[in-house]
Protein chains: 2
Amino acid sequence: MSARIDTDMDVKSRPLAAAEPAAPSLHGELLTGLRNFIVDGNLADGARVPERALCEKFGVSRTPLREALKVLASEGLIDLLPNRGARIRPLTPHDIRELFDVMGGLEALAGRLACERATEAEIAGVERLHYEMYGHYLKRDLKGYFRCNMAIHLGILAAARNVMLSSTYEGVSARMRRQRYAANLDQDRDRWSQAMREHEEILDALQRRAGAELGDILFRHLRNKQIAALDLSERVLAESDAVDDAEPETAAG
Amino acid sequence: MSARIDTDMDVKSRPLAAAEPAAPSLHGELLTGLRNFIVDGNLADGARVPERALCEKFGVSRTPLREALKVLASEGLIDLLPNRGARIRPLTPHDIRELFDVMGGLEALAGRLACERATEAEIAGVERLHYEMYGHYLKRDLKGYFRCNMAIHLGILAAARNVMLSSTYEGVSARMRRQRYAANLDQDRDRWSQAMREHEEILDALQRRAGAELGDILFRHLRNKQIAALDLSERVLAESDAVDDAEPETAAG
DNA sequence: GACATCTATTTTGAATTCAAACGCGAGGCG
DNA sequence: CGCCTCGCGTTTGAATTCAAAATAGATGTC
């Protein structure tokens, strides 16, 4: 349980230090900047989004800023309460479960498509990263391990050659990135070696171009990550999720 | 060939008939209304989105309308060209392929989750719909068939109990709905009976709660739909998609 | 007669403005 | 003493305004 779990703390009280004087406001510049600002955790969970302050920070008036907020709300990063402004959307354990499952579905899809479309070079690239990651695993180098891990998943995503998948993935990824449950693999050796074994299977299936199989492995891989992450987050938050399986959801309105 | 393929025709010349005087503009009302307006095909592919006219139609000023346009652009329904306004985003065959694959991934995920979480009643509901659909198939009742088909897929989605999955699905679904390649099943008996057989497998796997298997079937089901749709769309458009496999996509920026 | 250039009008993007809703605090009441 | 109500400043949501960019039209040239 390292630092970096602050769910409600001082983060928000930071005076929004005036960064660069804001570039000439290229079309999507503001949106991206604002999204990064939020994803990077500069605002605490549930905190009000200070419209005024952000206008100054980004050097724009409220009109374009509110446009960006609307987009971020549609992406699920913030909540927009009528007449009560925007707040950072806090993720409940239930939300996290959902996000991991969706992520698992997207990873599975990426794996399947990658098996159909990856070039030999791309597969070789993943293989190289895999062994590099294995090295980090042996040395218990968590940082290097994570870097390779992410590169592998991004490599598979890229090999899937599907722009819409990539952008959907990026959206989900952004929401998860806000959390940073830097899975405590170094504490939990079993999980780490299990993850490593799963990665062996991933590489194997990719090399055999066994799409359905790879998809299945990737989904389960994410499931296991989810379990580890929730285990951690629940241990930390000790926040019951009673409402969880309550609402059957009528889906697509 | 039936009607309803108009890709470029008179649709746009419609004078934007002033509909209802626009409700009291509940928070997301405008956005939803505008999205439906576009999804329903009231504007032709590539057509300019007439800001001014829509303001009148919905009874709002340009500010909230532009906010809505930004959101729709982020959803991929329209393109927003700097200083040149919004246009309806036309889907190339390449886009359609991507959409179908993503849809397949989402359906697969829904199926997998449904196997974990569906109640017996929900499975029974899908079973009922399945046999009703089979009846329509025997009678060659395309309309009834489609209705049941959609209900089955929505039923599985609902049983997956994942709000984020549902909303992602809805987003993709909306983009596809604009196309309406009312798959010419009545022309293509082979495809129709193949689809019916696939649905037998879907029901079977769901009843056995065989998640991975159901996911696989659903993905392939969508793949086959994709092939049929593209076959149709390409036959109609005769539009080459040369750029297709060109751009490897660096994914997640 | 076709093409290029310059001007007027329209459209876009963003700031400003304005009314309504909210939230906080003081004062009044039970 | 605690709770409720009223009023004031602040914040929000949306219309209006304004400058810059683009489009269309007119004019001149080759």
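Any value given below was found using the heavy atoms of this structure, including those in side chains, with hydrogens, waters and symmetry copies removed. Labels below follow one simple rule: chain letters A, B, ... track the order of the sequence lines, proteins then strands, and each chain is numbered from 1.
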Quick one: do [X] and [Y] make a salt bridge, cutoff under 4.0 Å?
{"X": "A/K225", "Y": "A/E107", "answer": "no"}
{"X": "B/D101", "Y": "A/R117", "answer": "yes"}
{"X": "B/E122", "Y": "B/R161", "answer": "yes"}
{"X": "A/E75", "Y": "A/R35", "answer": "yes"}
{"X": "B/R177", "Y": "B/E170", "answer": "yes"}

I need the [atom1]-[atom2] distance between [X] and [N], as an integer number of Å.
{"X": "B/E51", "N": "D/dA22", "atom1": "CD", "atom2": "P", "value": "16 Å"}
{"X": "B/E67", "N": "D/dA15", "atom1": "CD", "atom2": "C1'", "value": "12 Å"}
{"X": "A/E56", "N": "C/dA15", "atom1": "CD", "atom2": "P", "value": "13 Å"}
{"X": "B/F58", "N": "D/dG13", "atom1": "CZ", "atom2": "C1'", "value": "18 Å"}
{"X": "B/E29", "N": "D/dG13", "atom1": "CD", "atom2": "P", "value": "16 Å"}
{"X": "B/L65", "N": "C/dA14", "atom1": "CG", "atom2": "P", "value": "15 Å"}
{"X": "B/R62", "N": "C/dT10", "atom1": "CZ", "atom2": "C1'", "value": "11 Å"}
{"X": "A/L81", "N": "D/dT12", "atom1": "CG", "atom2": "C1'", "value": "12 Å"}

Helical stems, DNA chain D - three or more consecutive Watson-Crick or G-U wobble pairs below 3.5 Å: C:1-30 with D:1-30
Over 12 foreign heavy atoms within 6.0 Å of CZ, A/R52: no
Short side-chain N/O contact from A/R66 to OP1 or OP2 of D/dG13, under 4.0 Å: yes
A/L129 side, atom CG; A/R147 side, atom CZ - distance, nearest 0.5 Å: 9.5 Å
Pairwise N/O distances under 3.5 Å, protein to nucleotides 20-25 of chain C:
from: C/dA21; atom 1: O3'; to: A/N83; atom 2: ND2; distance (Å): 3.3

Residue from B/R178, B/R89, B/R87 passing salt bridge (Lys or Arg N to Asp or Glu O under 4.0 Å) with B/D45: B/R178
Ring geometry between B/H221 and B/H153 (parallel below 30°, tilted from 30 to 60°, perpendicular above 60°): parallel
Comparing A/G85 and A/T63 on DNA chain D - which has the more 5′ nearest nucleotide: A/G85
Side chain of B/P64 (C-beta onward), nearest among D/dA15, D/dT12, C/dT12: D/dA15
